[in-house]
Amino acid sequence: MREADDGVVIGKVEAELPAVTAEAKGEVKDFHFPPVLNGLDFLQSAVKSLSGEDGTPAPRDLKYAVLHLQAAAETLFKSRLAMEDPSLVWSQPAKFDQTKHEAGMFHSCGLVVALERLRDDVGIETAIDPKDADLDALANLRNRLQHFEAKDTTIAVQARTIPVLDVLLKFIDADVLPYDESPEAWDAQLQMDEIRAGFRHLKDFVDHRLDALQETLETFKDYTVRCLSCGQFAVMLDGAKTVHCALCGRRYGSGSDAAWEYSGTSHYSVVTDGGDTPVHDCSECGTTAVFATPVASSDDADVLICFADGNSFEGICQYCDRAADFAMEEAEMCQDCLDTRFAKF
Ligand SMILES: [Zn+2]
Ligand SMILES: [Zn+2]
Ligand SMILES: [Zn+2]
């Protein structure tokens, strides 16, 4: 972010586009990226960097791939908004001013708002949830890369970016190119051909890695959870000492450590802040490692599963608070508690 002359903060994407300002000043003629081509240029760079020469890009390429993919998404979503009405790109459309717009001197709306406007004001064909989990994961990865240290495997980044690329390509085909009436529309079509080819290449590479795992994953699908790094169902809770992802190699520590990481909180926070714990004791192995999350065989519903031994359970026993199968369904009571109760008579 930088301050423009009149104190208006220029949004990140605009700041990366000196072409707009330079062109507005009439200084530079051979540096011109109209919005759609600009977005596609970021996209092409991302796809190329993600693939590398032979599917194994250098770490530095991977970093720029993520930054450029995020920039591509923002630029392309906003270019479609601008085709509809340039003021929609502004965080406050009512304050739209053509001169400032051309100079890039305005706060632009964020990604979530851009997607809401595309859905509500433009009525785009491609269904994109403004809070799409894959876009969110990409934004998080971008933030980590830009502001913190980033540690991930190549395949994790590649696998993470594929769903984002997939939705972006659909969006460009259905909602951008058909509405692009600029003189550069034909160039955009040609560039998309190259991007599609690059994407297929990348997807084949990742699919190939996944195929190699498929047979194993099929056997373990009832206790395989989605990896937080690569986003694939490839973390098998098979009772191994260290929970890890079979695709990208990400390690999560013990079953208990893993369950807490998946829950997004910690034992410490639950104790200090109070409230219900999301991680429960397992009635089979006794470990505090049961968390509700989708598994490969049921990817749209949470399953209460023990990260230490892979057992899944019906619910939490109302009497002992452990994750268990119920012996008395109506009472939500586990077998142990039922036995204890009858032993008293
Ligand atoms: Zn993974
Ligand atoms: Zn257990
Ligand atoms: Zn019980």
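Numbering of ligands and ligand atoms starts at 1, following listing order.
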So with a 6.0 Å cut-off around [atom1] of [X], is the heavy-atom count from everything else above 12?
X    : atom1 : answer
D193 : CG    : yes
R196 : CZ    : yes
E181 : CD    : no

Quiz item: Is it true that H244 and Y252 have ring centroids separated by less than 6.0 Å?
Solution: no

Quiz item: Which value, rounded to 10°, describes the SG(C282)-the Zn ion (ligand 2)-SG(C285) angle?
Solution: 110°

Quiz prompt | Opening angle at the Zn ion (ligand 1) [SG, C227; SG, C248; to 10 degrees] | solution = 110°

Exercise. Start with the C-alpha distance between M236 and T216, add both sets of side-chain angles, then the distance that settles side chain to side chain contact (heavy atoms under 4.5 Å, CB included), and finish with yes or no.
Key: CA-CA 9 Å; M236 287 175 258; T216 322; 4.1 Å; yes

Exercise. Tell me whether the guanidinium CZ or amine NZ of R80 lies under 6.0 angstrom from the six-membered ring centre of Y179 and within 45° of its axis.
Key: yes

Quiz item: How many protein N, O or S atoms are found at a distance of less than 2.8 Å from the Zn ion (ligand 3)?
Solution: 4

Practice problem: Check the side chains of S283 and R322 for a donor-acceptor pair under 3.5 angstrom, ignoring hydrogens and angles. | Solution: no

Practice problem: Please name the atom of D309, restricted to N, O or S, that is closest to the Zn ion (ligand 2). | Solution: OD2

